[in-house]
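This report refers to the structure that appears directly beneath it.
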Amino acid sequence: MGLKELAGNNLGLTSLDLRKLKICFLLADRIEIVPTETIEKKYNLRAGMINQIAEQVSWLLESAYKISELVSDMVNNSQHITILDHMLTNLELKNFLKALALQVKFGVPKEAIGLANLHVPNLGRVYIQRLVQNDLAQAEKIRQTDIEFLKKILPEKIALELKQVVAEKSSTSSTPIQEVDFFAEVKLEIDGSTVKNRWKVVLNQIQHVLSYCSFKYLLKLVEAVYSKPEGWIHKLDLDEGDNQAKYIYRLRKELSLKAEEVIENNGAGSYRLNLKKEEVRVNKENLVRMGEEEIKRLVGKL
DNA sequence: ATCGGCTATAGACTTCAGCG
DNA sequence: CGCTGAAGTCTATAGCCGAT
């Protein structure tokens, strides 16, 4: 059904319904990279208004995503699971909301979210569409593409900038770039500054100050996320002796975590952080500045 | 206050010998 | 061979204590 039929209002929709539908159609067009000029004419709105609508709707979608995440956490900890809860815990729904929020925000198709999220200056929807049409939606593909070809489909300055950003992204990550999750947000931040002998970290937007021992354990777990397959580190690599369970227990307690939440155990004597590399940010400068040899050594491996 | 050594206990899970 | 129960392993959670 197009706008004209809707405007004819054969379905007896209220004007409020029509307004909502108009925004839906508008945003859908925008995601499919219909040129802004066309959208302006079709919906009789100017670009500024269109961007504002996208911004607001994206924010609401992002909120819906956050709620779905919270509810699923609550449900995971409860015994009573209804069909509704299943819908809310559904990973697909969460991912859908998150992706849609970003799609609406940037006004690009799903496969181009990562590209838009690179925030390359002046790389707007239209240029992104050219990249998508040339099967260059993934950073890795752009990395492998000759700069001369990029210059043909993008203005030279943007092409050079894009190449550079993509190269930087891959050098900070040891895995191939296609595995990088562009949706990832920082969940754990190792700040590394100290407050009265306690070390600052931020987990899920909540700040904690850890004892040296707990902090060291956390840093070792982070290092394993970077260096080991699946991020598992055996307790004997964590520490000598046989107190590891106790120290992990103390670390969890200082982070207000329950067992198996964020810090997992695999039943074979290994522990890991249930986080992706992209979800962890380490302030290396701070850590090195503290001058602790052991900490410096760990930072060197990141 | 923090750390690390030692100890204990409950519970989940695995292994294995012995039995029918 | 499959089943069962005992023994063993591993973890989470603790407590106590002495050193710093």
Side-chain angles (χ1 to χ4, degrees), chain A residues 69-82 85-86 88-91 94 184-302:
Chain A
E69 199 173 49
L70 274 177
V71 171
S72 75
D73 281 352
M74 274 157 52
V75 172
N76 281 340
N77 295 328
S78 127
Q79 307 298 318
H80 314 287
I81 297 189
T82 65
D85 294 333
H86 267 302
L88 289 166
T89 47
N90 192 330
L91 199 67
K94 268 164 55 177
E185 51 194 311
V186 174
K187 296 197 172 156
L188 173 65
E189 196 176 343
I190 310 284
D191 182 280
S193 52
T194 53
V195 198
K196 283 190 284 180
N197 267 337
R198 302 199 127 241
W199 301 63
K200 230 194 286 182
V201 302
V202 180
L203 179 63
N204 295 326
Q205 282 87 50
I206 298 167
Q207 184 180 298
H208 304 269
V209 278
L210 304 182
S211 66
Y212 176 71
C213 182
S214 294
F215 183 77
K216 200 176 67 187
Y217 263 62
L218 184 60
L219 207 54
K220 285 184 181 179
L221 288 169
V222 167
E223 195 257 314
V225 168
Y226 276 77
S227 65
K228 310 238 173 179
E230 313 267 300
W232 292 111
I233 179 167
H234 194 266
K235 59 182 176 187
L236 289 172
D237 296 328
L238 220 39
D239 210 348
E240 52 197 27
D242 42 21
N243 276 319
Q244 298 88 353
K246 182 163 73 176
Y247 300 138
I248 291 283
Y249 169 69
R250 286 178 178 169
L251 170 61
R252 281 180 178 140
K253 209 164 186 178
E254 288 180 30
L255 290 171
S256 314
L257 293 172
K258 294 188 201 76
E260 298 302 302
E261 189 190 357
V262 184
I263 298 172
E264 299 177 313
N265 170 271
N266 71 352
S270 290
Y271 293 85
R272 77 166 169 191
L273 276 183
N274 182 14
L275 293 174
K276 299 188 188 99
K277 262 182 275 207
E278 301 77 37
E279 292 171 327
V280 183
R281 188 187 296 150
V282 181
N283 190 333
K284 294 186 191 175
E285 291 75 27
N286 267 356
L287 291 178
V288 171
R289 204 176 325 127
M290 293 316 292
E292 295 275 353
E293 285 310 314
E294 202 169 3
I295 301 285
K296 272 196 215 166
R297 219 188 53 241
L298 284 166
V299 171
K301 292 196 212 165
L302 295 178

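As the structure is a prediction and not an experimental result, all values here were calculated from the model. Protein chains get the first letters and strands the later ones, always in sequence-line order, with residue 1 at the start of each.
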Check every strand shown and say whether Tyr271(A) touches a base, only sugar-phosphate, or nothing at a heavy-atom separation below 4.0 Å.
sugar-phosphate
Quick one: does any side-chain atom of Glu254(A) pair with a main-chain N or O of His208(A) as donor and acceptor, under 3.5 Å?
no
Nearest nucleotide by nearest heavy atom, which residue falls closer to the 5' end of DNA chain C, Lys235(A) or Asn243(A)?
Lys235(A)
If I take atom OH in residue Tyr217(A) and atom P in nucleotide dC3(B), what distance separates them, rounded to the nearest angstrom?
11 Å
Using atom OH of Tyr249(A) as one end and atom P of dG11(B) as the other, report the distance to the nearest whole Å.
16 Å
Base, sugar-phosphate or nothing for Tyr247(A)? Non-hydrogen atoms, less than 4.0 Å.
base
Does any N or O in the side chain of Arg272(A) come within less than 3.5 Å of the main-chain N or O of Ala224(A), such that one atom is a donor and the other an acceptor?
no
Under a 4.5 Å cut-off applied to non-hydrogen side-chain atoms, are Asn286(A) and Ile190(A) in contact?
no
Ile263(A) CD1 to dA12(C) C1', in whole Å, measures 13 Å
Check the distance between dT11(C)'s C1' and Trp232(A)'s CH2 and give it to me in whole angstrom.
13 Å
Spacing of Leu251(A) atom CG relative to dT13(C) atom C1', expressed in whole Å:
15 Å
For a quick check of understanding: with a heavy-atom distance under 4.0 Å over all strands, which category does Asn265(A) fall into, base, sugar-phosphate or nothing?
sugar-phosphate
With a 3.5 Å cut-off and no angle check, do the side chains of Tyr212(A) and Lys216(A) form a donor-acceptor pair?
no
Give me the atom names and distance for the closest heavy-atom approach of Asn283(A) to Asp191(A).
CB-O, 3.2 Å
Would you kindly give the NZ-to-C1' distance between Lys253(A) and dA14(C), to the nearest whole Å?
8 Å
Roughly, in whole Å, what's the span from NZ in Lys246(A) to P in dT2(B)?
14 Å
Quick one: Leu238(A) CG to dT11(C) P, roughly how many Å, whole number?
11 Å
Using a cut-off of strictly less than 4.0 Å, decide whether Arg250(A) has a side-chain nitrogen or oxygen near OP1 or OP2 of dC3(B).
no
With respect to the phosphate group of dA1(B), does any side-chain polar atom (N or O) of Ser211(A) fall under 4.0 Å of OP1 or OP2?
no
